[in-house]
Amino acid sequence: MSGTILVTGGAGFIGSNFVLRQRSCKNRIVNLDLLTYAGNLLNLQELNGDPDHVFVQGDIGDRALVRKLLEDYQPVAVVNFAAESHVDRSIESPESFIQTNIVGTFHLLEEALAYWKRLPAERGDRFRFLHVSTDEVYGSLGPADPAFTENTPYRPNSPYSASKAGSDHLVRAYYHTFGLPTIITNCSNNYGPRQFPEKLTPLMLLNALEGKPLPVYGDGLNIRDWLYVDDHCEALSLVWERGNPGETYNIGGCCEKANIEIVETICALLDEMAPESGYAPHGSLITYVKDRPGHDRRYAVDCSRIERELGWRAKESFESGLGKTIRWYIDNREWVESVKSGSYRDWMVRQYTGR
Ligand code: NAD
Ligand code: TYD
């Protein structure tokens with residue numbers, strides 16, 4: 001498929017990986033991103049000078065701006081990545097999560113609906129509003145519970161997951177009430193290049209390279225289902241092209257791991273890949289710290305629908321994906337230094353000092 005896509009949040013982690021992939025498929029991208037602390041134009045530097053990547057700094061809640069972008073560029077799809085995305089920040093300060101994830105998505109939906117209604121029938125039939133969401137909306141699993149399916153009831157436990165659940169409900173309602181051709185994806189924990197180092201994988205690997213403590217919450221036995229970001233982006237492309245409007249697709253890596261196992265694997269890989277750091281064995285830096293309030297114990301995603309209907313399955317193995325990720329952070333020191341700005345340092349002090 002080719003055409004123009006309005007991508008929101010395309011300067012963040014997953015959004016930028018998706019934009020780079022779409023440009024290699026020749027789709028024109030209009031990239032609307034507010035450039036919060038998590039947005040970074042260095043993620044998109046490969047596209048400098050590319051006339052088919054149009055970057056616009058702005059808010060998904062700015063209706064006049066969204067209206068103008070839809071009218072000017074006539075996209076065949078909106079792909080909504082824009083969000084506040086970090087659970088710990090949502091515990092410290094939830095307001096921006098409500099504002100962007102719920103209110104912002106509402107404004108984006110309103111403008112997409114008005115635009116879609118004006119499209120001629122044939123283009124209207126092809127239009128899609130793809131909303132990128134999380135498995136965290138389903139709540140927490142016990143050790144023997146089956147993985148989340150698309151029919152698992154929503155039971156969000158953090159302000160972050162509650163705000164994503166709210167946005168999912170609105171997206172679903174705009175399909176059922178107004179017929180806007182929306183699709184929702186609920187995805188597990190991503191890792192890979194360009195992830196902001198407040199999340200587990202990059203935080204641990206960058207701390208380890210600097211000989212800083214590796215702060216594992218609680219007993220380290222909370223489980224997440226890990227997915228390499230390129231696999232996620234491939235799934236999103238398929239869902240956009242061939243998914244059914246009104247449908248939800250779960251996306252996961254079939255790769256359940258306890259946090260301590262992730263951290264130990266990162267340390268072992270760093271011992272091989274970065275012996276010159278001076279901190280090997282990096283595992284000696286592991287430090288157990290006070291648990292996150294309301295910390296969900298286990299997530300696991302049943303991807304059988306997307307496998308069956310769209311023939312997608314994650315390709316990257318955990319060890320190779322983690323190796324590629326570590327290599328990217330070692331090779332991209334300029335990026336790493338750029339994100340460790342004053343506000344990042346302030347967050348690390350607030351979040352981890354005395355924990
Ligand atoms: P991220 O925090 O790295 O990036 C979010 C981007 O959205 C940033 O570039 C930021 O500047 C932008 N943004 C924030 N508020 C905005 C606003 N009001 N208007 C426009 N842009 C705004 O997040 P990510 O990890 O890339 O996640 C992308 C999406 O995927 C989110 O919706 C998230 O909930 C979802 N998701 C993420 C994961 C994961 O493991 N990272 C897993 C499942 C789902
Ligand atoms: P995170 O990357 O914040 O993703 P999420 O909470 O959305 O799943 O955290 C992944 C897991 O790692 C989660 O169980 C919390 C844990 N964690 C730590 O143990 N230490 C840390 O410093 C961070 C950021 C996370």
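For ligands, and for the atoms within them, numbers begin at 1 and follow the listed sequence. For the single chain, residues carry numbers from 1 onward in sequence order.
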Closest to atom 1 (P) of ligand 2 (judged by heavy-atom distance), picking from R292, R297, K257
R292

Can D230 and R21 be counted as an ion pair, charged N to O under 4.0 angstrom?
no

Heavy-atom distances under 4.0 Å are what count here, so tell me which part of Y352 touches ligand 2: side chain, backbone, both or neither.
side chain

I'd like to know if E234 pairs up with K315 as an ion pair, taking the criterion as any Lys NZ or Arg NE/NH1/NH2 lying under 4.0 Å from an Asp or Glu carboxylate oxygen.
yes

Would you mind finding which of Y217, Y299, W226, Y191 brings a heavy atom closest to atom 19 (O) of ligand 2?
Y217

Are D302 and S304 close enough that a side-chain donor and a side-chain acceptor fall under 3.5 Å?
yes

Counting heavy atoms only, which of L214, I260, N259, D135 comes nearest to atom 16 (C) of ligand 2?
N259

Heteroatom distance test (E198, ligand 2): nitrogen or oxygen, under 3.5 angstrom:
no

Check each N or O atom of ligand 1 against all protein N or O atoms and list the pairs under 3.5 Å, with atom names and distances to 0.1 Å, one per line.
residue, atom, partner, partner atom, Å
ligand 1, 2 (O), S85, OG, 2.7
ligand 1, 3 (O), F13, N, 3.0
ligand 1, 9 (O), G12, N, 3.0
ligand 1, 9 (O), D33, OD1, 3.2
ligand 1, 9 (O), D33, OD2, 2.6
ligand 1, 11 (O), D33, OD1, 2.6
ligand 1, 11 (O), L35, N, 3.4
ligand 1, 11 (O), T36, N, 3.0
ligand 1, 11 (O), T36, OG1, 3.2
ligand 1, 18 (N), D59, OD1, 3.0
ligand 1, 18 (N), T100, OG1, 3.1
ligand 1, 19 (N), I60, N, 3.0
ligand 1, 21 (N), L34, N, 3.1
ligand 1, 23 (O), S85, OG, 3.3
ligand 1, 26 (O), F13, N, 3.3
ligand 1, 26 (O), I14, N, 2.8
ligand 1, 32 (O), F81, O, 3.1
ligand 1, 32 (O), V132, O, 3.4
ligand 1, 32 (O), K164, NZ, 2.6
ligand 1, 34 (O), Y160, OH, 2.7
ligand 1, 34 (O), K164, NZ, 3.2
ligand 1, 40 (O), N190, N, 2.8

Throw together a table of side-chain donor-acceptor distances under 3.5 angstrom for residues 177-188, partners on residues two or more places apart or in other chains.
residue, atom, partner, partner atom, Å
T177, OG1, A173, O, 3.1
T182, OG1, V171, O, 3.3
N186, ND2, T134, O, 3.0
N186, ND2, D168, OD2, 3.2
S188, OG, D225, O, 2.8

M204 versus ligand 2: do any nitrogen or oxygen atoms come within less than 3.5 Å of each other?
no

Over-ring placement of R89 relative to Y37, 6.0 Å and 45° cut-offs:
yes

To check your reading of the model: name the closest protein heavy atom to atom 2 (O) of ligand 2, its residue, and the distance in Å.
L200 N, 2.9 Å

Check whether any heavy atom of H86 sits under 4.0 Å from an atom of ligand 2.
yes

Are any of the N/O atoms in V216 less than 3.5 Å from those in ligand 2?
no

Residue pair N80 / T8, side-chain donor-acceptor N/O under 3.5 Å
yes

Does a side-chain N-to-carboxylate-O contact under 4.0 Å join K324 and D331?
no

Flag for W335-N43: side-chain donor and acceptor within less than 3.5 Å:
yes

Identify the closest protein heavy atom to atom 20 (N) of ligand 2: which residue and atom is it, and at what distance?
P215 O, 2.8 Å

Donor on one side chain, acceptor on other, H131 and S167, under 3.5 Å
yes

Atom indices of ligand 2, in the order listed, that fall short of 4.0 Å to a heavy atom of K199:
2 (O)

Side-chain H-bond candidate by donor/acceptor type, E198 with Y344, under 3.5 Å:
no

Mind checking whether V87 contacts ligand 2 via backbone (N, CA, C, O), side chain (CB onward), both or neither, at a 4.0 Å heavy-atom cut-off?
side chain

Out of curiosity, R155 CZ to S140 OG, how far, rounded to the nearest 0.5 Å?
11.0 Å

Under 4.0 Å, heavy atoms only, figure out whether ligand 2 is touched by the backbone of I262, its side chain, both or neither.
neither

Where the closest heavy atom to atom 14 (O) of ligand 2 is concerned, which of E136, H295, R89, R298 has it?
H295

Would you kindly say whether E136 and Y299 are connected by a side-chain donor-acceptor distance under 3.5 Å?
yes

Under 3.5 Å between some N or O of ligand 2 and some N or O of N189?
yes

Say whether T265 and E319, considering side chains only, have a donor N or O and an acceptor N or O under 3.5 Å apart.
no

